[in-house]
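What follows is a single structure, written as structure tokens, with notes after it.
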Amino acid sequence: MSPSKALPLRFYRRPTELVARELIGRYIVREFEGDRLVLRIVETEAYLGAPDRASHAWGGRRTARNESLYLPGGHAYVYFIYGMHFCLNVVTEGADLGSAVLIRAGEPVAGEERMLALRGLSRARPGDVAGGPGRLCKALGINRSDDGVRFDRGALKIVEGEPPSADEIAAGPRVGIDYAADAVAWPLRFAIRGNLHVSRPRL
DNA sequence: CGGAAGATCCACT
DNA sequence: GTGGATCTTCCGA
């Protein structure tokens, strides 16, 4: 079934837009209280750091909240937003740049029953479990205690998969960043074309 | 020190 | 389509 070989740190230490594209089709493997939860990544967004108005690292902003965003590629940046949701990012490139990829949606591969329970649902249509960054974190039991962990080992890994071909990946503007001036329209959102687990608005 | 806004989600009309 | 939930963070005064 799903492969178990974690991506090496060097995978992440490349241009952010490329990493965002190439994370599509990989698997997030989460060990949570004895359960193995697996999601296939179907949607990502690239955040480029200081030059990117939509990035938490815009203009070099650096605070206690986003400190882990400045770790070297391959670490997690988990932040709390809107008073109730967590979002999961994969730090990219080298240390101190503040570039990262937001994991926006995943397709359940294993442990779906447990993920449903974590989401507080009894049944779900495609996309309900992990279609959206807040839902995805809730389905995997991710919170601030996962901030700064490595993705190549431990209880929150990203492993190899079967990345779709380039023509199966759609690109478009990122979600929820209307304030981001010139960066509003940058096509840094990536998703598997036609996949039902992609968040709204669908690409 | 106060206010505003946020890389969201859900329920309701 | 609209607004409310809920709270941390940030910036301006």
Side-chain angles (χ1 to χ4, degrees), chain A residues 12 16-17 19-21 23-24 28 39 41-71 73 75-93 97-108 115-148 151 156 158 170-191 196-203:
Chain A
Y12 305 99
T16 304
E17 183 175 346
V19 175
R21 279 184 173 278
L23 276 173
I24 303 285
I28 301 177
L39 286 178
I41 299 172
V42 299
E43 180 184 357
T44 62
E45 282 179 357
Y47 287 82
L48 306 183
D52 183 355
R53 185 75 173 72
S55 169
H56 289 176
W58 176 58
R61 281 168 173 68
R62 187 164 182 161
T63 65
R65 176 207 196 196
N66 68 9
E67 188 58 35
S68 60
L69 184 51
Y70 291 91
L71 291 168
H75 287 81
Y77 167 46
V78 178
Y79 65 88
F80 188 58
I81 192 70
Y82 295 122
M84 56 180 73
H85 301 294
F86 292 99
C87 291
L88 175 67
N89 291 258
V90 180
V91 179
T92 61
E93 307 195 42
L97 294 176
S99 53
V101 172
L102 172 69
I103 308 298
R104 282 198 60 89
E107 175 175 351
M115 291 192 268
L116 273 174
L118 282 163
R119 287 273 291 111
L121 304 171
S122 51
R123 22 183 309 173
R125 305 178 50 125
D128 285 352
V129 174
R135 291 168 164 182
L136 183 145
C137 283
K138 195 165 184 190
L140 294 180
I142 289 172
N143 58 47
R144 267 240 125 185
S145 69
D146 298 294
D147 188 46
F151 282 111
L156 182 59
I158 298 178
R174 294 169 292 180
V175 177
I177 57 152
D178 292 345
Y179 58 87
D182 57 312
V184 164
W186 295 354
L188 295 178
R189 180 188 186 202
F190 304 100
L196 294 175
H197 297 82
V198 170
S199 69
R200 298 177 191 249
R202 300 269 284 288
L203 264 174

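Just the heavy atoms: all of them, side chains too, but no hydrogens, waters or symmetry mates, feed the values below. Here is the naming used below: chain letters follow the sequence lines, and residue numbers restart at 1 for every chain.
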Kindly say if A/Arg135 contacts the phosphate of B/dC10, meaning a side-chain N or O under 4.0 Å from OP1 or OP2. yes
A/Phe80 near the nucleic acid: base, sugar-phosphate alone, or nothing, with a heavy-atom cut-off under 4.0 Å? sugar-phosphate
Starting at atom CZ of A/Arg174, determine the distance to atom P of B/dA7, rounded to an integer number of angstrom. 11 Å
Could you check whether A/Gly134 gets within reach of a base, just the sugar-phosphate, or nothing at all, counting any heavy atom under 4.0 Å? sugar-phosphate
If I take atom CG in residue A/Leu88 and atom P in nucleotide B/dC9, what distance separates them, rounded to the nearest angstrom? 13 Å
Taking OH from A/Tyr82 and P from B/dT8, how many angstroms apart are they, rounded to a whole number? 5 Å
Of the nucleotides B/dA7, C/dC10, C/dT6, which has the atom closest to the A/Leu102 side chain? B/dA7
To the nearest Å, give me how far apart CZ (A/Arg144) and P (C/dC7) are. 16 Å
Need one value for A/Arg65: base, sugar-phosphate or nothing, where a base atom within 4.0 Å counts as base even if backbone is also close, heavy atoms only. sugar-phosphate
Distance check, P atoms only: C/dT6 and B/dG2, in whole angstrom units. 22 Å
P gap between B/dA7 and C/dG1, integer Å: 22 Å
Within the side chain of A/Arg53, is there an N or O that forms a donor-acceptor pair under 3.5 Å with the backbone of A/Ala183? no
Scan A/Ile177 against the nucleic acid and name what it touches under 4.0 Å (heavy atoms): base, sugar-phosphate only, or nothing. sugar-phosphate
Take atom CZ of A/Arg61 and atom P of C/dT9, then tell me their distance rounded to the nearest Å. 16 Å
Ring-on-base stacking between A/Tyr179 and B/dA5, under 5.5 Å between centres and under 30° between planes: is it there? no
Could you give the CH2-to-P distance, from A/Trp186 to B/dA7, as a whole number of Å? 15 Å
Measure from OH on A/Tyr77 to P on C/dT8 and round the result to the nearest Å. 15 Å
From C-beta outward on A/Tyr47, which listed nucleotide comes closest to its side chain: C/dT6, B/dA7, C/dC10? B/dA7
Where does the angle between the aromatic ring planes of A/His56 and A/Tyr77 fall among parallel (under 30°), tilted (30 to 60°) and perpendicular (over 60°)? perpendicular
Looking only at N and O atoms, is any donor in the side chain of A/Tyr79 or the base of B/dA7 less than 3.5 Å from an acceptor on the other one? yes
Verify side-chain contact (heavy atoms from CB on, under 4.5 Å) between A/Ile41 and A/Ile103, making sure each step is shown before the conclusion. CA-CA 7 Å; A/Ile41 299 172; A/Ile103 308 298; 4.2 Å; yes
Give none if C/dT6 has no partner; otherwise give the nucleotide forming a Watson-Crick or G-U wobble pair with it, both distances under 3.5 Å. none
State whether A/Arg53 places a side-chain N or O below 4.0 Å from either non-bridging phosphate oxygen (OP1 or OP2) of B/dA7. no
Nearest-0.5 Å distance that lies between atom CG in A/Asp128 and atom CG in A/Leu116: 9.0 Å
Output the rounded distance in Å from NE2 (A/His85) to C1' (C/dT8). 14 Å
Side-chain N or O of A/Arg104 less than 4.0 angstrom from OP1 or OP2 on B/dT8? yes
For atom C1', what is the distance between C/dG3 and B/dA5, given to the nearest Å? 15 Å
Under 4.0 Å, heavy atoms only, any strand: does A/Ser199 hit a base, just the sugar-phosphate, or nothing? nothing
Looking only at atom types and distance, does a side-chain atom of A/Thr44 sit under 3.5 Å from a main-chain N or O of A/Val101, one as donor and one as acceptor? no
Hey, does A/Arg119 reach any base, or is it just sugar-phosphate, or nothing, if we go heavy atoms under 4.0 Å? sugar-phosphate
Sub-3.5 Å donor-acceptor pair from the side chain of A/Ser55 to the main-chain atoms of A/Leu48, do we have one? no
